[in-house]
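Predicted model only: the values in this text are computed from it and were never measured. In this chain, numbering begins with 1 at the start of the sequence shown. Counting starts at 1 for both ligands and their atoms, following the listed order.
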Amino acid sequence: MQAIEAIKLTRRFGSILAVNKVSLSVAEGEIFGFLGANGAGKSTTIRMLTGLLEPSEGDAIVGGYSIVKSPNKVKEHIGYMSQKFSLYEDLTIEENIKFFGGVYGLKTSELNARKESILKLVDIKYPQNIVTKILPVGIKQRLALGISLLHRPKIVFLDEPTSGTDPLSRRNFWEIIQSIANEGISTFVTTHYLEEAEYCNNIALIDKGKIIAIGNPQKLKKTIFSERPIFEIDVASIENVLLLLNQEKELGEFAIFGTKLHLYSQQKNANESTIVDYLLQKYRIQVQRIRKIQPTLEDVFIHYIESNNNGSN
Ligand code: ATP
């Protein structure tokens, strides 16, 4: 059985179609990344999957329960860390754990046993009697993550858990997500940091409420690499480059990356010498060096979002 199986999940707010027939599945122990720009529909999807918001249409089975028929069962069986993770800042680490343990209905003996292993899992070495508000943001996030796991859920939902922290804290946080996955817990995580998607087993890209790409990040990159090769080009002078950027449609799209040009080719079989000849003849642009490059996830997303905007996806 899959940990999460969403089938054509749809949500409208009046005339706004916030989430449009989202289908996805997440396996046990999988880290699933949900990516998209602000307003794309990430939070609305997460709120439906966690039983907090009723879908307009469609359904999802989360931890074996339907979000439509048994939203309360879903809530009991999952962990959830919202964007504004809700620690009580005036309480100590230990008091926060006790408070939320009580909310989850854990007995004192259970909670005491659980507390140490959770603090170890999220790598918090601070004394437990420290007031939460003086902790660095990255540590607070880890504590909030730990608390969302107190009642041993098999699935945890994290809504932009790393926003507002430095790269090192983000990397630490992802190492912890990895250890959670190693314990067989499934993680559904939203982020807008593209580099974080690399840590996920699978990702979905949502744009205007619709999933426009889904799969393993490396496979998505490979597909783009073979379907729409990217070339890095050094030119002898920047003369006519502006013209090229504004006008060129036949070869594909050009963009400036630092001192180099990138060509997102339209043609699967585009080759270097044809591009070099074409640029010289049409724009009088002399190419010094050209090579095919590996796409980044950013390239993948740009490709799918543009295809979605052009209505071809
Ligand atoms: P963010 O990263 O900014 O949280 P998001 O991808 O999570 O963005 P959502 O918050 O899910 O996006 O919003 C999707 C769309 O639905 C947006 O157009 C938003 O304005 C709209 N929306 C969300 N909640 C409501 C609501 N309660 N009432 C009306 N419109 C809403």
Result for side-chain contact (heavy atoms from CB on, under 4.5 Å) between Y304 and one of L220, D207, D299 points to L220
Between ligand 1 and T45, is the shortest N or O to N or O distance under 3.5 Å?
no
Give the atom numbers and elements of ligand 1 that come within less than 4.0 Å of a heavy atom of [X].
| X | answer |
| --- | --- |
| S43 | 4 (O), 5 (P), 7 (O), 10 (O), 11 (O) |
| E160 | 2 (O) |
| A37 | 6 (O) |

Quick one: do the T190 and D159 side chains pair a donor with an acceptor below 3.5 Å? yes
Neighbour count above 12 (heavy atom, 6.0 Å) for [X] [atom1]:
| X | atom1 | result |
| --- | --- | --- |
| Q267 | CD | yes |
| K75 | NZ | yes |
| L280 | CG | yes |
| E250 | CD | no |

Give me the residue, atom name and distance of the protein heavy atom closest to [atom].
| atom | value |
| --- | --- |
| atom 9 (P) of ligand 1 | T44 OG1, 3.5 Å |
| atom 14 (C) of ligand 1 | G39 O, 3.3 Å |
| atom 20 (O) of ligand 1 | I16 CD1, 4.9 Å |
| atom 16 (O) of ligand 1 | A18 CB, 3.2 Å |
| atom 23 (C) of ligand 1 | F13 CE1, 3.4 Å |
| atom 12 (O) of ligand 1 | G41 N, 3.2 Å |

Side-chain ion pair, E183 and R152, N-O less than 4.0 Å
no
- [ ] Kindly state whether the ring of F157 and the ring of F188 have centres lying under 6.0 angstrom apart.
- [x] yes
Closest to atom 2 (O) of ligand 1 (heavy atoms only, candidates K42, R12, R11, K208) is K42
